[in-house]
Amino acid sequence: MANDRPRVLSGIQPTSGSFHMGNYLGAVRQWVALQETHDAFYMVVDLHALTLPQDPRELRANTRLAAAQLLATGLDPERCTLFVQSHVPEHAQLSWVMECMTGFGEASRMTQFKDKSSRHGADRTSVGLFTYPILQVADILLYQADQVPVGEDQRQHIELTRNIAERFNGRYGETFTVPEPYILRETAKIFDLQDPTVKMSKSSSSPKGIIDLLDDPKASAKKIKSAVTDTGSEIRFDPEQKPGVSNLLTILATLTDVTVAEVEQKYAGKGYGALKTDLAEVVSEWAAPFSARTREYLDDPETLDSLLAEGAEKARSVAAETLAQAYDKVGLLPGKH
Ligand code: AQP
């Protein structure tokens, strides 16, 4: 496909029964917008999911579920390339080359690995969890992505990708595009409703701290109404002094497409209760059609699978070319085709 638009690539793990508000506002919402202006590649990163133990049936179901949710948010296979990571074997193949380009100390500095390995303990920490950022390096470089739309928690991995791309280019000659992170300041980090000093996260937040997009709207409303707010009663965007209220303001402003300043103004002189009630309503209005669309895609797995197969074919045509170049640059003898 001849395309002179800048290229973006990103992925999401199929590791839960629903995306959460952090995934959506931090990343997926930008993916939908970027498919209009960029040559966009988005994938369900099932290989990354294997870094922690998965029930095979659940993983398969969650992979389809993740794809269905991506389509339900508005990704359009006519406007972007949507695929499943394991359907494009070049990811694992380039990853090996990238592992050999990465220092052990460099990989050991990844904070997500340190967090997750300390949470899971040595017995449940796989080598895959350690090398996962390097697979991510391969994911990005295979597509010569210019930008990578992600949440703040991924910034360090994009930095690693840049370093390795520059190292490879320096050693073997210009091969890879050095990508930039695409992280929107306002929604870079959506916080846990119960502890608004830490990110909303499927593996570390308590169920009450997470707004799951496929949750029953009543359950989400209850969580929003019991969100931890701050001392005082003034509704003001102040992430230092008022992290709880600021988080709710960010979510409300983004979902209603207005600025945080406008929301602040609207609630001047009102109490936290009014803000929470309105946010619960906005989330429910957003989530109901989203859930219905997700179900429609899931109810037709054949169509879903064939969309993903077409996406994988498009992705492979790009990935295979980059892999061949990289193999050649490092001196691997070409095989017979
Ligand atoms: N709280 C968040 N705020 C903003 N962006 C977020 N993302 C995740 N949480 C937030 C972004 O969502 C994209 C897909 O995430 P992922 O599938 O790679 O999962 P993750 O980053 O591992 O998400 P979790 O919930 O935090 O999972 P665990 O607990 O397993 O680590 C990414 O772009 C991510 O930045």
Side-chain angles (χ1 to χ4, degrees), residues 8-34 40-54 59 62-63 65-67 69-70 73 75 84-85 110-120 124-126 128-129 132-133 135-137 139-140 145 147-161 179-207 209-215 227 239 243-244 246-248 250-251 254-255:
V8 289
L9 170 123
S10 198
I12 188 157
Q13 297 194 63
T15 42
S16 69
S18 171
F19 294 163
H20 60 68
M21 198 51 92
N23 297 138
Y24 177 62
L25 297 184
V28 177
R29 196 165 187 274
Q30 281 64 266
W31 301 7
V32 179
L34 288 166
F41 286 74
Y42 302 126
M43 59 185 171
V44 179
V45 288
D46 54 349
L47 295 176
H48 286 287
L50 295 179
T51 53
L52 293 173
Q54 301 290 334
L59 178 59
N62 283 341
T63 301
L65 178 60
Q69 288 178 90
L70 290 175
T73 59
L75 289 190
V84 174
Q85 184 187 29
M110 295 298 112
T111 54
Q112 259 204 7
F113 171 74
K114 288 195 227 168
D115 285 355
K116 287 194 180 176
S117 55
S118 68
R119 250 188 284 139
H120 298 300
R124 284 189 74 221
T125 298
S126 64
L129 189 66
Y132 142 99
L135 177 57
Q136 201 174 322
V137 169
D139 296 339
I140 298 167
Q147 288 170 310
V148 187
V150 285
E152 182 62 39
D153 59 342
Q154 294 295 330
R155 189 184 289 280
Q156 194 187 28
H157 294 165
I158 312 298
E159 201 48 47
L160 176 71
T161 308
E180 299 279 344
Y182 180 95
I183 301 174
L184 293 191
R185 188 176 44 81
E186 297 80 0
T187 50
K189 197 168 180 181
I190 300 299
F191 294 89
D192 184 313
L193 297 181
Q194 288 298 312
D195 179 358
T197 61
V198 299
K199 75 163 188 170
M200 188 180 283
S201 148
K202 63 180 166 289
S203 61
S204 58
S205 292
S206 69
I210 278 203
I211 305 175
D212 276 323
L213 304 183
L214 292 172
D215 242 358
S246 302
N247 192 37
L248 300 181
T250 300
I251 299 173
T254 315
L255 285 179

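Order of listing sets the numbers, starting from 1, for every ligand and every atom in it.
- Near Lys189, with a cut-off below 4.0 Å to any heavy atom, the atoms of ligand 1 are 3 (N), 4 (C).
- Given atom 29 (O) of ligand 1, the protein heavy atom at minimum distance is Ser203 OG, 2.3 Å.
- The shortest distance between side-chain heavy atoms of Pro14 and Leu59 falls below 4.5 Å.
- For the residue pair Gln54/Thr15, the side-chain donor-acceptor check at 3.5 Å is not satisfied.
- The nearest protein atom to atom 23 (O) of ligand 1, hydrogens excluded, is given as Lys202 NZ, 3.5 Å; this is a heavy-atom distance.
- The shell of residues lying under 4.0 angstrom from ligand 1, judged by heavy atoms, includes Asp153.
- Remark: the backbone N or O of Leu25 is paired with a side-chain donor or acceptor of Thr187 at under 3.5 angstrom.
- Distances between N or O atoms of Met200 and those of ligand 1 include at least one value under 3.5 Å.
- Relative ring orientation between Tyr132 and His157 is described as perpendicular, the plane-to-plane angle rising above 60° on a 0-90° scale split at 30° and 60°.
- The closest protein non-hydrogen atom to atom 8 (C) of ligand 1 is Asn23 ND2, 3.3 Å.
- Nearest to atom 30 (O) of ligand 1 by heavy atom, out of His20, Lys116, Glu152, is Lys116.
- Assignment of Val28 to the shell around ligand 1 is not supported, since no heavy atom sits closer than 4.0 Å.
- Here is the list of ligand 1 atoms found below 4.0 Å of a heavy atom in Gln154: 21 (O), 35 (O).
- Nearest residue to atom 6 (C) of ligand 1 from Gly26, Gly22, Ser10, Ala27 is Gly22 (criterion: closest heavy atom).
- Backbone and side-chain nitrogen or oxygen atoms of Gly151 are examined, and one is located within less than 3.5 angstrom of a nitrogen or oxygen of ligand 1.
- Which parts of ligand 1 touch Thr187 is read off a 4.0 Å heavy-atom cut-off, strictly below it: atoms 4 (C).
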